[in-house]
Number of protein chains: 2
Amino acid sequence: MIFTTKAEYGVRLLVELGRQHDGAGAPTPVSLKAIAEAEALPLAYLERIVALLKKAGLVESTRGAHGGYRLTRQPAEIHMDEVVLALEGGVAPMTCFVAEDGSSSHGRVVCNHEADAGHGCATKLLWTRVQGGVVKALAQTTLAELVAFSNRPPQTQTATAVRNAAAVA
Amino acid sequence: MIFTTKAEYGVRLLVELGRQHDGAGAPTPVSLKAIAEAEALPLAYLERIVALLKKAGLVESTRGAHGGYRLTRQPAEIHMDEVVLALEGGVAPMTCFVAEDGSSSHGRVVCNHEADAGHGCATKLLWTRVQGGVVKALAQTTLAELVAFSNRPPQTQTATAVRNAAAVA
DNA sequence: CTCTAATCCTACCGCGTAGGTCGGAGAACC
DNA sequence: GGTTCTCCGACCTACGCGGTAGGATTAGAG
């Protein structure tokens with residue numbers, strides 16, 4: 001598989017925040033406990049995940065009673081490549097892939113067993129293309145889309161997902 | 001990361017076979033030992049990997065002395081989606097993704113915690129798009145391309161890889 | 001006819017990491 | 001001051017990846 005549950009839970013957490021997000025600048029924050037119950041996720045684990053999102057500046061928090069988290073931007077302005085990068089710490093199709101700087105979305109990608117033979121590793125071309133496809137698919141999806149998708153009646157969700165995926169491909 | 005070393009080693013193995021592959025129908029087979037030495041990979045591990053490729057019909061073998069493996073098709077006719085599918089047993093971006101039939105390239109994809117809540121999982125749309133991007137990138141790459149890439153002088157490889165990746169994206 | 005080089009097959013193992021828990025310390029609101 | 005939150009770091013466990021061991025089988029070479 002590609003992504004761990006960090007990405008899964010983190011995205012679902014953001015969707016839950018995006019659902020409560022109205023146009024106002026600073027709405028009432030949502031507590032992790034409420035999100036954990038709504039999505040049936042372990043609270044203690046969510047704490048560590050949301051810390052990653054906060055460090056990336058995607059959410060902000062207010063402590064204390066009636067505190068919680070809220071988005072720092074409009075859901076339509078949050079693209080999933082940034083989200084997954086914050087949660088997973090990079091999007092690399094193979095262990096030998098390391099980005100030169102932190103962000104793997106635009107940075108140069110380097111295979112670290114480059115000099116083992118005269119003719120480099122032939123798979124580098126392949127993994128580079130795969131990574132490009134993943135990042136592109138992530139960047140084209142916004143949080144607002146996922147929020148809208150999650151509010152749709154279930155029987156139409158499958159067809160919509162397939163249609164959107166076909167549009168991407 | 002996305003893929004394990006099974007995919008990495010398997011692709012490199014195929015590249016090595018493709019390099020020896022001339023136009024003739026049944027050329028002299030290449031032994032695993034030769035490939036293991038050329039690519040500096042553990043022989044015993046390669047045995048298990050090549051078994052997957054054989055089961056998928058991508059290579060055929062002759063046993064006994066001076067035996068080995070050879071491709072069943074021209075390198076230009078071997079697309080990487082089929083290869084990775086054979087090696088990794090499916091291309092799923094998340095554990096909850098399972099294909100209805102064996103092949104994940106065209107089969108319908110289903111999230112197995114579909115019915116846990118009223119509003120399905122919002123991440124399904126995202127993972128479907130990601131998987132589409134990966135499969136597309138794999139399907140667009142043939143073994144012949146990788147063979148040609150691996151024979152190129154090293155100093156031009158990086159620039160070429162980036163250019164090709166940009167063309168895909 | 002045997003020796004040898006190769007494919008085949010199955011069981012085994014160590015180790016890193018994903019996934020999750022626990023307990024507690026600060027911060028705000030009543 | 002108690003309650004409700006965020007925050008933080010240590011800790012634990014199951015599992016799968018990556019690799020090894022050892023053998024059985026097949027077929028060409030001499």
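Order of the sequence lines fixes the chain letters, A, B, ..., with proteins taken first and strands second; residue numbering starts at 1 for each chain.
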With a 4.0 Å cut-off, would you call B/Glu8 and B/Arg12 a salt bridge?
yes

Would you please confirm or rule out a distance under 4.0 Å between OP1 or OP2 of D/dT6 and any side-chain N or O of A/Lys33?
no

Residue A/Ala65, side-chain atoms from C-beta onward, closest of D/dT4, C/dC22, D/dG28:
D/dT4

Tell me the interatomic distance from B/Leu43, atom CG, to D/dG22, atom P, rounded to whole angstroms.
15 Å

Quick one: are B/Val84 and B/Val135 in side-chain contact, heavy atoms under 4.5 Å?
no

As an exercise, state the distance from CG of B/Leu146 to OG1 of A/Thr123, rounded to the nearest 0.5 Å.
8.0 Å

Reckon B/Lys55 touches a base, only the sugar-phosphate, or nothing at all at heavy-atom distances under 4.0 Å?
nothing

How many angstroms lie between atom NE2 of A/His21 and atom CG of A/Leu71, to the nearest 0.5 angstrom?
5.5 Å

Just to confirm, is there a sub-4.0 Å distance from OP1 or OP2 of C/dA6 to any side-chain nitrogen or oxygen of B/Tyr69?
no

In whole angstrom, what separates B/Glu47's CD from D/dG23's C1'?
11 Å

Taking only side-chain nitrogens and oxygens of A/Thr4, does any of them come within less than 4.0 Å of OP1 or OP2 of C/dG19?
yes

D/dC7 OP1/OP2 closer than 4.0 Å to side-chain N/O of A/Ser61
yes

Atom pair distance, as rounded to whole Å: CG in B/Leu46 and P in C/dT7
10 Å

Contact under 4.0 Å: A/Tyr9 side-chain N or O vs C/dG19 OP1/OP2
no

Take the protein atom CD1 of B/Ile49 and the nucleotide atom C1' of C/dC9, then report the distance between them rounded to whole Å.
16 Å

Contact under 4.0 Å: B/Lys54 side-chain N or O vs C/dC8 OP1/OP2:
yes

Between B/Arg63 (CZ) and D/dG28 (P), how many Å, whole number?
12 Å

Quick check on DNA chain C: between B/Leu32 and B/Arg48, whose nearest nucleotide comes earlier from the 5' end?
B/Leu32

Beyond-backbone contact of A/Val91 with A/Asp81, side-chain heavy atoms, under 4.5 angstrom:
no

Nearest-nucleotide 5' precedence on DNA chain C, B/Ser31 against A/Lys6
B/Ser31

Between P on D/dG19 and CG on B/Leu41, what's the gap in Å once rounded to a whole number?
9 Å

Write down the distance between OH (A/Tyr45) and C1' (C/dT17), rounded to a whole number of angstrom.
11 Å

Whole Å only: how far is the CZ atom of B/Phe3 from the P atom of D/dC17?
13 Å

Nearest to the B/Thr5 side chain among C/dT21, D/dA29, D/dG19, which nucleotide is it?
D/dG19

